[in-house]
Amino acid sequence: MNSDYRSGIINQKGITSLDKSDGSTELGIDGWIQYGINIAVGSNYVTFANRTNTTHTIQQPLDIKSLKAGDKVTFYASCFNITGNVYIYMTGLDAQKKKLSNGDNEFTFTLTSALERFYIELAPNAVVSFNCKKLEIGEHFTGMPAWNEVIELLKCYAKYYCFNAQPNINNNKYMLAVQIATNKVRMTIDLPTQINKTPSVKVGYLYIVTISTGAWHLVTSVKSINYVGNKLTLELQTQDNISSSVNNPVYAMFTKDGYLEVDMYDYD
């Protein structure tokens, strides 16, 4: 997912670089989780760098339920600007790491267990740039498929969705919510695609606006999260009490730099 950088890069966060040299973990470009690794996003390539004295990884969780021990998979990558030692491996195959080199890389693995994760491992101070990479079932690399931005974006939306907006009541770019207590509201959001687990949700600079008075109330936390298909329902706590009556509709409004981040990844 999100791995043919020559054709396009799905990058919901809009990052050009992300520094995790403090050893922390964060999703970088969609699909690829950085565990103590830095990333720089180019126009048609990405560069990963380990700026620490400890080995770190980039990982992508996989959900290919048909694969089992004994099945074969093939990995291909086009790399450049490699400095130091960079390896790839998969779940249960850490003893069979393959070292990447500049140019074309193609390796076939025989699985020893179900396939759950893909790893790119960078030794201390190692750097690697990727044009593209692909993992596929079977013993041969069959080429990169035609890149379809809509399909790739929907794949990423199923795991992560970031809503950045500066809505305005005057042009109707706002979300309606329902007040359920003096300092709580319930809001339902239609996501672009179906999700398959309860996500973590972060919000910033989101305000509840009382329709009758126009008063603004900052959302301080997400109290509960529920989903059915692509409908995500959030119970939001506000900093102060809302003056309108319970069960009345209110506006959910983002101010400048506001966001709502819906994350379905496991960071273990």
Side-chain angles (χ1 to χ4, degrees), residues 1-5 7-15 25-34 58-68 71 73 90-91 114-118 132-137 144-167 172-178 180 184-204 206 208 219 221-237 249-254 258-268:
M1 186 171 71
N2 194 17
S3 58
D4 185 0
Y5 310 123
S7 300
I9 301 174
I10 305 300
N11 185 3
Q12 290 188 68
K13 290 185 174 181
I15 59 174
T25 299
E26 187 173 341
L27 181 70
I29 57 169
D30 297 62
W32 297 95
I33 305 171
Q34 298 166 223
I58 308 104
Q59 302 178 25
Q60 182 164 144
L62 302 172
D63 185 19
I64 313 175
K65 300 186 185 303
S66 61
L67 291 177
K68 59 187 183 305
D71 290 336
V73 295
M90 282 154 277
T91 310
L115 189 54
E116 297 175 352
R117 290 226 166 194
F118 181 86
C132 62
K133 48 187 181 283
K134 180 187 180 187
L135 179 68
E136 62 184 304
I137 298 171
M144 299 300 293
W147 195 81
N148 184 307
E149 183 174 8
V150 173
I151 292 174
E152 293 302 318
L153 190 56
L154 283 173
K155 287 183 197 174
C156 293
Y157 280 163
K159 292 293 187 181
Y160 177 89
Y161 182 70
C162 189
F163 179 78
N164 296 95
Q166 297 172 28
N172 296 321
K173 291 183 178 179
Y174 57 86
M175 291 176 286
L176 281 174
V178 175
I180 57 175
K184 291 186 179 68
V185 299
R186 181 181 294 115
M187 181 173 69
T188 298
I189 302 166
D190 289 329
L191 298 174
T193 189
Q194 182 170 326
I195 60 176
N196 57 12
K197 64 168 286 188
T198 301
S200 63
V201 176
K202 297 178 182 177
V203 296
L206 174 62
I208 302 304
V219 171
S221 63
V222 180
K223 303 303 291 184
S224 70
I225 304 166
N226 292 284
Y227 81 95
V228 176
N230 72 322
K231 291 189 179 297
L232 182 68
T233 301
L234 307 176
E235 183 180 304
L236 307 171
Q237 173 119 24
V250 291
Y251 293 125
M253 300 284 296
F254 287 96
Y259 66 90
L260 189 149
E261 185 181 75
V262 183
D263 194 336
M264 280 71 71
Y265 280 99
D266 295 316
Y267 296 89
D268 52 9

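These values consider heavy atoms only, across backbone and side chains, with no hydrogens, waters or symmetry-generated copies. On a predicted model such as this, the values are computed, not experimentally measured, just so you know.
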Heavy atoms only: give me the nearest [X]-[Y] pair and the separation to one decimal.
X	Y	value
Ile195	Tyr227	O-CE1, 3.4 Å
Ser66	Asp71	O-OD2, 3.8 Å
Ala158	Met264	O-CE, 3.3 Å
Ile10	Ile29	O-CB, 3.8 Å
Gly31	Pro61	O-CD, 4.2 Å
Ala177	Met187	CB-CB, 4.0 Å

[atom1] of [X] to [atom2] of [Y]: how many Å apart, nearest 0.5 Å?
X	Y	atom1	atom2	result
Gln237	Ile208	CD	CD1	11.5 Å
Leu153	Asn2	CG	CG	9.5 Å
Gln194	Leu154	CD	CG	12.0 Å
Met253	Met175	CE	CE	9.5 Å
Leu234	Leu206	CG	CG	9.0 Å
Met90	Arg117	CE	CZ	14.5 Å

Taking ring-ring contact (aromatic ring centres under 6.0 Å, His included) as the definition, give me every residue that meets it alongside Tyr157, ordered by chain and number, with sequence neighbours left out.
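For Tyr157, the residues satisfying ring-ring contact (aromatic ring centres under 6.0 Å, His included) (neighbours in sequence not counted) are Tyr161.
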Carefully, step by step, assess Asp190 and Lys231 under the rule side chain to side chain contact (heavy atoms under 4.5 Å, CB included).
CA-CA 5 Å; Asp190 289 329; Lys231 291 189 179 297; 2.6 Å; yes
Applying salt bridge (charged side-chain N to carboxylate O under 4.0 Å, His left out), can you list everything that pairs with Lys197, at least two apart in sequence or on another chain?
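Salt bridge (charged side-chain N to carboxylate O under 4.0 Å, His left out) list for Lys197, sorted by chain: Asp266.
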According to salt bridge (charged side-chain N to carboxylate O under 4.0 Å, His left out), who are the partners of Lys134, at least two apart in sequence or on a separate chain?
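Partners of Lys134 under the salt bridge (charged side-chain N to carboxylate O under 4.0 Å, His left out) test: Glu136.
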Given side chains that start at C-beta, do those of Leu115 and Leu135 come closer than 4.5 Å, heavy atoms only?
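They are in contact (side-chain heavy atoms under 4.5 Å apart), so the answer is yes.
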Below 4.5 Å, heavy atoms only, C-beta onward: do Pro199 and Asp263 meet side chain to side chain?
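No - every pair of side-chain heavy atoms lies 4.5 Å or more apart.
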What do the steps show when you test Val262 against Ile189 for side chain to side chain contact (heavy atoms under 4.5 Å, CB included), and what is the final call?
CA-CA 11 Å; Val262 183; Ile189 302 166; 5.9 Å; no
Lys202 and Tyr259: side chain donor to acceptor below 3.5 Å:
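Lys202 vs Tyr259: no donor-acceptor pair found between side chains.
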Would you please say whether a donor-acceptor pair under 3.5 Å links the side chains of Tyr160 and Glu261?
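Yes, Glu261 and Tyr160 have a side-chain donor paired with an acceptor closer than 3.5 Å.
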Heavy-atom donor-acceptor pair, [X] side chain to [Y] backbone, under 3.5 Å:
X	Y	answer
Asn230	Pro192	no
Tyr265	Gln60	no
Asp30	Gln12	yes
Lys13	Leu27	yes

Just wondering, more than 12 heavy atoms not from Arg186 lying within 6.0 Å of its CZ?
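Atom CZ in Arg186 is not packed in, count stays at 12 or less.
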Would you check, one step at a time, whether the test side chain to side chain contact (heavy atoms under 4.5 Å, CB included) holds for Val73 with Ile64?
CA-CA 11 Å; Val73 295; Ile64 313 175; over 6 Å; no
Go through the steps for Lys159 and Asn196 under the test side chain to side chain contact (heavy atoms under 4.5 Å, CB included), then give the verdict.
CA-CA 8 Å; Lys159 292 293 187 181; Asn196 57 12; 4.2 Å; yes
Taking the six-membered ring for Trp, are Phe118 and Trp32 parallel (under 30°), tilted (30 to 60°) or perpendicular (over 60°)?
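Phe118 and Trp32: perpendicular rings.
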